[in-house]
Number of protein chains: 2
Amino acid sequence: MTTKKATIKDVAREAKVSIASVSRVLNGLGGVTADTQEAVRQAAARLHYVPDSAARSLITGRTHTIGAVLPDLYGEFFSELIRGIDLAARARGLHLLVSSSHDGVEDAAAAVRAMRGRVDGLIVLSQFVDQAFLEKNLPADLPAVLLDSPVDNPRYPAINIDNDAGAQAMVGHLLDVGHASVAFITGPSGNFDAQQREKGYRAAMAAHAPHMPLNIIAGDFTEESGYRAGRELLAQRPRPQAVFAANDMMAVGCLYAFKEAGLDVPGDIALAGFDDILIARYVTPALSTVRVSITDLGKSALLLLTGLMEGKAHTSPATRTLGCDVVVRDSCGAHQTDVATINPSRAG
Amino acid sequence: MTTKKATIKDVAREAKVSIASVSRVLNGLGGVTADTQEAVRQAAARLHYVPDSAARSLITGRTHTIGAVLPDLYGEFFSELIRGIDLAARARGLHLLVSSSHDGVEDAAAAVRAMRGRVDGLIVLSQFVDQAFLEKNLPADLPAVLLDSPVDNPRYPAINIDNDAGAQAMVGHLLDVGHASVAFITGPSGNFDAQQREKGYRAAMAAHAPHMPLNIIAGDFTEESGYRAGRELLAQRPRPQAVFAANDMMAVGCLYAFKEAGLDVPGDIALAGFDDILIARYVTPALSTVRVSITDLGKSALLLLTGLMEGKAHTSPATRTLGCDVVVRDSCGAHQTDVATINPSRAG
DNA sequence: AGTTTTGATGAAAACGTTTACGTTCCGCCG
DNA sequence: CGGCGGAACGTAAACGTTTTCATCAAAACT
């Protein structure tokens with residue numbers, strides 16, 4: 001019973017062949033007779049041999065690992081994203097190195113640099129990442145794809161959620177159902193998603209209700225800020241007939257403000273959010289929202305990345321867009337439950 | 001402008017010293033004059049030198065990476081767990097390699113084996129993992145800690161959630177509040193958590209209501225199974241006064257079955273779950289449940305693992321237990337909202 | 001039968017580090 | 001003044017692979 005770990009040499013000795021042949025067999029390179037194959041396989045099994053990945057990486061220059069740099073793992077969004085990435089990575093035999101929980105530019109930079117040499121490619125989602133950041137911290141030879149980023153550069157392909165179209169569709173829906181005045185609760189000012197959703201709100205209002213004044217309240221994506229925004233809206237005279245929050249958590253906060261005031265949703269005031277987080281289905285009334293398939297986002301990112309890694313560098317456009325679906329539940333006052341696909345330009 | 005990545009040799013040449021000195025400076029090993037230090041530092045900066053981690057791992061045998069093997073990333077539990085692990089790992093300068101989404105024994109075995117050589121330590125959470133599995137797939141020299149596992153062996157320290165005490169406390173609470181008959185919805189039969197929660201239910205009933213017959217319905221942790229169990233319970237005569245589901249998702253499913261039947265919760269029937277998932281707070285009525293700090297679980301696991309990696313092999317007991325808190329909300333019929341710490345034996 | 005082609009195999013170089021071991025130099029003590 | 005110890009630094013071995021190249025036998029041609 002050997003307690004040391006077996007190396008390729010041990011297998012070679014055990015199988016009475018050279019290390020080259022062992023390597024050939026185990027990597028399926030061919031040029032080996034069936035007999036030696038068998039001998040090597042058995043020897044390897046007998047010794048419980050597992051190739052040392054460090055040595056392999058050193059010589060091949062590949063790690064079979066991809067890295068994911070994320071701002072924080074908190075909440076459903078990131079867990080779903082990682083899950084999507086991991087699922088797709090596993091299917092292609094790749095490992096996943098995650099690095100999250102950094103809340104400053106320096107933190108993010110360190111995370112990206114630490115990936116150097118450990119991964120074959122990188123998926124980056126961070127509001128701190130812009131063109132300059134990448135040029136400074138990203139090794140030139142490391143393929144990377146950006147998520148949810150305003151950077152538009154062929155060297156760094158990006159996948160974005162179609163926030164604009166999603167928001168437009170939802171606002172359009174609210175207006176269609178008969179709510180004349182629609183208020184909007186924004187996300188944090190620096191957030192790219194939040195900006196685009198606001199843009200969509202403005203565009204939809206301009207298109208469908210050009211005569212109505214815009215009604216925009218500041219929020220920061222937290223439930224708490226949604227609650228505050230809700231109270232603010234309640235104080236308005238006349239009260240808006242519908243409220244569209246830039247994300248679901250704020251919509252939920254808003255809902256609690258309305259409930260607290262004794263209002264009936266959607267009877268007295270309609271409400272809608274964005275993201276379709278799990279909770280949306282479970283609050284009362286169930287929240288109408290805009291769904292984005294986060295798992296798909298992760299999957300698309302990985303696929304795009306592996307494409308890059310395999311050398312098809314500039315065949316694809318710099319930026320892709322992932323469509324959203326309006327999910328009509330009870331909170332918006334349209335009585336059927338239905339899913340309408342808004343933007344069919346799904347990436348992948 | 002060199003397009004190739006710089007190696008230690010390039011730095012040595014640039015600084016006009018030997019590679020050994022470069023290594024010494026960059027690793028802070030001492031035995032170098034201030035002059036050479038400075039020269040090396042500058043050369044390294046000039047060339048944007050970053051040590052190759054594969055080469056380093058090969059010679060040192062350390063990767064500065066720890067691996068997490070999980071069954072699936074779906075749901076809040078795993079996202080919180082990973083977050084806890086990542087947070088603690090980052091604080092100690094360790095990277096995190098995750099491997100999830102495997103649903104068979106073979107899958108799990110492959111995942112564990114693939115970690116060989118890539119990580120310095122392993123955190124494993126999988127219902128497929130038992131003593132034999134570990135002996136077969138885990139390299140003898142790889143430190144590992146188990147999560148939520150029945151294995152009790154000093155070689156594989158484990159951290160478990162105190163499901164038993166948590167379940168006992170909740171059932172005790174339900175009885176205390178005045179619900180004479182408490183039914184229980186089980187989890188999947190193979191699941192360790194589920195088994196322990198059932199054990200807790202039985203123990204609490206035996207202790208507080210020895211005359212009452214046990215009322216156990218099968219479930220599998222899904223919302224759907226909770227719904228079915230709820231309908232089954234509704235058909236019982238007499239109807240139980242309270243229902244304790246082995247996890248929150250089933251409790252939610254159950255809640256919908258009750259609502260559908262027009263029952264008032266907790267007026268007509270009380271309800272409680274286990275896990276304190278995010279949704280628990282948002283359903284109506286808010287769900288009473290047993291909270292376990294999953295982030296702490298991840299953190300404790302990582303701390304225990306680093307302890308192992310640093311050689312303190314057998315100083316700690318084989319199994320630790322992480323306490324739970326009963327969270328009283330509206331669904332159980334006790335009117336105050338309150339958190340009571342049940343088991344103060346927190347690991348860490 | 002002689003020559004070429006083919007295919008299997010092994011020897012050895014290479015990857016970029018860390019580190020054990022020499023070497024050199026200098027100051028110090030006896 | 002000779003030897004000795006220690007600090008600074010360089011040389012080279014080692015880590016475990018993959019891969020190129022040479023070798024060799026056998027099969028395939030002429």
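To find a chain, count down the sequence lines: A is the first, B the second, and so on, and within it residues start at 1. A quick note: this is a predicted structure, and the numbers were derived from the prediction, not measured.
Screening residues 16-35 of chain A for salt bridge (Lys or Arg N to Asp or Glu O under 4.0 Å), with sequence neighbours left out, gives no hits.
In this structure, A:Asn191 contributes its side chain and A:Asp193 its backbone to a donor-acceptor pair below 3.5 Å. Side-chain N or O atoms of A:Asp148 include none that pairs as donor or acceptor with a backbone N or O of A:Asn160 at under 3.5 Å. No donor-acceptor pair under 3.5 Å is formed between the side chain of A:Arg83 and the backbone N or O of A:Thr295.
When all heavy atoms of A:Ile8 and A:Tyr49 are compared, the closest pair comes out as N-CE1, 3.5 Å.
The CG atom of B:Leu302 lies 10.5 Å from the CG atom of B:Leu87; values are rounded to the nearest 0.5 Å.
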B:Lys299 vs B:Asp296, salt bridge (Lys or Arg N to Asp or Glu O under 4.0 Å): CA-CA, chis, key distance, verdict: CA-CA 5 Å; B:Lys299 189 177 160 192; B:Asp296 280 357; 5.4 Å; no
Verdict with supporting geometry, A:Arg116 and B:Ser53, side chain to side chain donor-acceptor pair (under 3.5 Å): CA-CA 8 Å; A:Arg116 158 81 188 265; B:Ser53 44; over 6 Å; no
Side chain to side chain donor-acceptor pair (under 3.5 Å) assessment of B:Asp120 paired with B:Thr63: CA-CA 6 Å; B:Asp120 294 342; B:Thr63 62; 2.9 Å; yes
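For B:Ala55, the side-chain contact (heavy atoms from CB on, under 4.5 Å) test picks out A:Leu58, B:Asp52, with sequence neighbours left out.
With axes fitted over five pairs at each extremity, the angle between the ends of the helix from C:dA1-D:dT30 to C:dG30-D:dC1 is 50° (10° resolution).
Chain B approaches DNA chain D within less than 4.0 angstrom (heavy atoms of the protein), and the contacting nucleotides run 5' to 3' from D:dA8 to D:dG16.
Applying a 4.0 Å cut-off to non-hydrogen atoms, the residues of residues 52-65 of chain B that approach DNA chain C are B:Asp52, B:Ala55, B:Arg56, B:Leu58, B:Ile59, B:Thr60, listed by residue number.
A side chain to side chain contact (heavy atoms under 4.5 Å, CB included) with B:Leu122 is found for one member of B:Leu305, B:Ile66, B:Leu308, B:Val112 and no other, namely B:Val112. When the options A:Thr65, A:Val98, A:Leu96 are evaluated for a side chain to side chain contact (heavy atoms under 4.5 Å, CB included) with B:Leu97, the one that passes is A:Thr65.
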Contact letters for nucleotides 5-11 of chain C, in which S counts primed atoms plus P, OP1 and OP2 and B counts the base, heavy atoms under 4.0 Å: ---SBBB
